[in-house]
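The model shown is predicted, which means the values in this text are computed figures rather than measured ones. Chain letters run A, B, ... following the sequence lines, proteins first, then strands; residues in each count from 1.
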Number of protein chains: 2
Amino acid sequence: MTGTISKQALRRLPYYLEYLKKQRDEKQVVNISATIVANDLHLNEVQVRKDLAAVSVTGGKPKTGYVITELITDLECFLGYNNTKEAIIAGVGKLGSALLSYDEFARYGLHIVAAFDTNEEIVDNVKIFPAKKMADLCERLHAHIGIICVPPSQAQAVCDEMIKSGILAIWNFAPTHLRVPPEVILQNENLAASLAVLSQNLAIEIGEGSNDRKG
Amino acid sequence: MTGTISKQALRRLPYYLEYLKKQRDEKQVVNISATIVANDLHLNEVQVRKDLAAVSVTGGKPKTGYVITELITDLECFLGYNNTKEAIIAGVGKLGSALLSYDEFARYGLHIVAAFDTNEEIVDNVKIFPAKKMADLCERLHAHIGIICVPPSQAQAVCDEMIKSGILAIWNFAPTHLRVPPEVILQNENLAASLAVLSQNLAIEIGEGSNDRKG
DNA sequence: GTAAAATCGTTATTAAAATATCGATTGCCT
DNA sequence: AGGCAATCGATATTTTAATAACGATTTTAC
């Protein structure tokens, strides 16, 4: 690694990857430059160049740019799409069961190997286990990622249980703050937060008496 | 509005709200200070104070802090949870149908009033319409928010159709870059991107030959 | 073979967000 | 009533990410 890549940059990588594959498959592009990518994705050229430099092994050549197949490989490798990562999921409600049966995860190297919930037995042909079996299953299935889809009120308890079971990274879909020890990685996925950004901007734009009482 | 609130700050607001409600309901807290909130949520005290100052109407009082009920009201008001926002959704696959039947949205003031897809007719007791009826329905149902859950290859076409139909803000769950005119608000929700951050940090932590070919 | 154009990668500058510092205000305790 | 402790709100500093500027390299054209 040239250094550490910023979180924001990391979030841009999947977009590059998707775009590059499209260029390769639909338009048979062989070489591509950061300039072109930046123009097409409406990003700053230097930003793209830095991002790509951070993941590319061979680097790009002046005048030519990058070999698109190499760049795709490097991105997939950097993003870990090749080696599978085992995960467990807790909470098989609407959102949880959607994630459980979300085929796209396989393309990102994520494999959900066990699901947990309180009362349910079978959901979408998948057996649901009680929380007390979590530690045993995590160890046997080598799962290090935990996905939390339970209601906010139960999220912390489930989180604690996961950590006790050997989970090292938590992907939290519950709209609540979780307390984790420093060595555990926490990634929050809060639909309410995203919606807040969206509707706030919308309110500003259409200026419909805005949400702001201070006005 | 005291000014414009930053996007990151906006994303923190739902966490404050959830936390405050919990304190009010479970522990009958009446007054609360930014200091306490910051400690409990493990955030910087000044950051919390600024965030709360941006939404609070009356402000907090020294030594006492904020009246928790007022603060909750102000947050809900600021986030627009009171006034409902009509939305349409395109793409009723795994993820799309989960969002379509995700009851929690109602609490955020979001109401999905119509769903669109190519072939399906009925999903979860909801009628699915073909795209050609989008413009008409958007107008009649006063929908200004569009949720995109179609595969990446179709996302841009659907996006364009939504904009033609009068949609002003787009919530994009397709892992692809979308081109929108400047007046249209775009919020990307990319699970691949979040997963990238998570697994990258995990790879660094457990140092398992990392994903990085550069070593 | 040389000049020109395009691109890379690095270094500098700017912008934005997070964090620290400080004085002012309010309630509580003696 | 007076002083102490806690909190607010504002201003400054630091840190981080985004953007701009620049020199170096490589291909293509003449």
#### Entry: Any A:Leu137 side-chain heavy atom under 4.5 Å of A:Phe116 side chain
yes
Choosing from [options], which nucleotide comes nearest the side chain of [X]?
X       : options                : value
B:Arg12 : C:dA18, D:dA18, C:dT19 : C:dA18
A:Lys61 : D:dA18, D:dT27, D:dA21 : D:dT27
A:Pro62 : C:dA17, D:dT25, C:dT21 : D:dT25

### Message
Counting only heavy atoms and a strict 4.0 angstrom limit, can you tell me which residues of residues 24-45 of chain B come near DNA chain D?
### Response
B:Ser33, B:Ala34, B:Thr35
### Message
Taking the ring of A:Tyr108 and the ring of A:Trp171, is the distance between their centroids below 6.0 Å?
### Response
no
### Message
Please tell me whether A:Phe105 and A:Tyr102 form a close aromatic pair, meaning their ring centres lie under 6.0 Å apart.
### Response
yes
### Query
Toward the 5' end of DNA chain D, which comes first, A:Lys50 or A:Lys63, by nearest nucleotide?
A:Lys50
### Task
Figure out the CD/C1' separation between A:Gln47 and D:dA17, and round it to whole Å.
8 Å
### Query
To the nearest angstrom, how far is B:Asp51 atom CG from D:dC8 atom C1'?
15 Å
[X] side-chain N/O to [N] phosphate OP1/OP2 under 4.0 Å:
X       : N      : result
B:Tyr66 : C:dT26 : no
B:Arg49 : D:dC8  : yes
A:Gln8  : D:dA17 : no

### Message
Between A:Val46 and A:Thr64, which residue's closest nucleotide on DNA chain C lies nearer the 5′ terminus?
### Response
A:Thr64
### Query
With a 4.0 Å cut-off, would you call B:Lys21 and B:Glu76 a salt bridge?
yes
### B:Arg49 bridged to B:Glu45 by N-O distance under 4.0 Å
yes
### Message
Between B:Arg24 and B:Thr69, do the side chains contain a donor N or O and an acceptor N or O under 3.5 Å apart?
### Response
no
